[in-house]
Amino acid sequence: MKTLWLVRHARPLIDIERCYGRLDIAADAQATRQAAQDLLPSLLPLHGQLQIRHSPLKRCRQLALDLQALEPDFVSTPDGRLLEMDFGHWEGMRWNDIGEAAISAWAQDLALHAPGDGESLADMLQRVHEALQDAAAGDSAHMVWICHAGVARCAQWLLQHGRQLPQSHEWTLPAPAYGQWLRLELS
């Protein structure tokens, strides 16, 4: 049976009241080291059966590097399919400043509307679907993705609902807290 570990980066160094999807910001260094230390005991027994990929954004790359510093055999490969959603011109804005009308337009057509003229959820689901297909087809028994909340939600949705596009009221899947992880069965 193949498993997928969805590991969320540590708390980013930005006001979390801001939309920061694709902003390439660092995470808290101490919290990142702690997340790597907390994760390592769970992954060590999987040595040799493990493939690690990470979002190319700094906050995920930091965790991949800290994990590799603790266990040099744990080499991680960047994978652009694990990027957070692109919120276009909303990036860096306070959620309250985006405006209720713009957020409502997104909620009314959650899957197909591109918030901030960035990326639609349907497009994000497609790239995460491709990454999941590669993970399921690969030789590794265990796959670790060091990623973002949006990617974690997409992976769960796809494993539970297939290619069906979600409505706003259905998009309630949890994401791991900063520096935490979720383990899912792929097959």
Side-chain angles (χ1 to χ4, degrees), residues 1-12 14-25 27 31 35 39 53-57 59-60 63 79-137 143-187:
M1 183 169 305
K2 291 187 177 191
T3 57
L4 174 64
W5 299 66
L6 299 168
V7 182
R8 189 174 178 194
H9 58 80
R11 188 180 191 290
I14 190 170
D15 171 11
I16 59 170
E17 296 300 317
R18 292 190 180 274
C19 176
Y20 62 89
R22 289 263 180 107
L23 289 181
D24 199 11
I25 50 177
L39 179 62
R53 297 196 182 282
H54 67 271
S55 161
L57 296 179
R59 54 194 186 264
C60 293
L63 183 51
D79 188 334
R81 299 172 299 185
L82 305 183
L83 285 163
E84 183 58 280
M85 179 178 272
D86 179 356
F87 287 94
H89 64 265
W90 289 9
E91 298 280 351
M93 292 179 65
R94 291 184 164 287
W95 285 102
N96 288 341
D97 294 338
I98 292 170
E100 190 174 322
I103 293 174
S104 291
W106 180 29
Q108 288 173 9
D109 191 9
L110 181 74
L112 300 177
H113 183 82
D117 295 321
E119 174 182 36
S120 72
L121 179 57
D123 289 340
M124 185 175 181
L125 283 164
Q126 175 59 36
R127 65 179 162 83
V128 173
H129 171 73
E130 291 168 6
L132 279 172
Q133 284 184 312
D134 286 352
M143 174 71 73
V144 176
W145 288 359
I146 301 173
C147 59
H148 309 274
V151 173
R153 287 184 180 102
C154 285
Q156 291 177 83
W157 177 267
L158 290 162
L159 291 172
Q160 292 175 18
H161 301 280
R163 303 296 301 275
Q164 175 186 334
L165 294 177
Q167 300 293 313
S168 293
H169 69 276
E170 298 172 314
W171 196 246
T172 59
L173 297 164
Y178 295 123
Q180 299 296 306
W181 59 90
L182 176 64
R183 194 176 139 202
L184 303 172
E185 302 300 327
L186 285 182
S187 56

So, do [X] and [Y] sit near enough that their side-chain heavy atoms are less than 4.5 Å apart?
| X | Y | value |
| --- | --- | --- |
| V7 | P176 | no |
| C60 | W145 | no |
| W95 | I103 | yes |

How close do [X] and [Y] get, heavy atom to heavy atom, and via which atoms?
| X | Y | answer |
| --- | --- | --- |
| A131 | L82 | CB-CD2, 4.3 Å |
| S120 | A111 | CB-O, 3.5 Å |
| I25 | P12 | CD1-CB, 3.7 Å |
| I146 | L63 | CG2-CD2, 3.8 Å |
| L158 | L125 | CD1-O, 3.5 Å |
| R153 | P174 | CG-O, 4.1 Å |

What donor-acceptor contacts under 3.5 angstrom involve side-chain atoms of residues 164-172, with partners at least two apart or in another chain?
unit_1 : atom_1 : unit_2 : atom_2 : d
S168   : OG     : A107   : O      : 2.2
E170   : OE1    : Q167   : N      : 2.7

Test ring pair (Phe, Tyr, Trp, His ring centres under 6.0 Å) applied to [X] - qualifying residues, sequence neighbours left out:
| X | result |
| --- | --- |
| H148 | H9 |
| Y20 | none |
| H161 | W157 |

[X]: which residues meet the side-chain contact (heavy atoms from CB on, under 4.5 Å) condition with it, sequence neighbours left out?
| X | value |
| --- | --- |
| D117 | H89 |
| L184 | L6, Q156, L159, L182 |
| A102 | W90, I98 |
| A27 | A10, T32, R59, Q62 |

Side chain to side chain donor-acceptor pair (under 3.5 Å) with [X]: which residues, sequence neighbours excluded?
| X | value |
| --- | --- |
| R94 | D15 |
| D79 | R81 |
| D97 | none |

Short side-chain to backbone donor-acceptor contact, [X] and [Y], under 3.5 Å:
| X | Y | answer |
| --- | --- | --- |
| R18 | G92 | yes |
| R22 | E84 | yes |
| E91 | G21 | yes |

Worksheet item: Can you list every salt bridge (charged side-chain N to carboxylate O under 4.0 Å, His left out) pair that touches residues 176-187, not counting sequence neighbours?
Response: R183-E185
Practice prompt. To the nearest 0.5 angstrom, please state how far the SG atom of C147 sits from the CZ atom of R8.
Written response: 9.5 Å
Practice prompt. Could you go through the side-chain contact (heavy atoms from CB on, under 4.5 Å) check for R163 and H129 one step at a time?
Written response: CA-CA 8 Å; R163 303 296 301 275; H129 171 73; 3.3 Å; yes
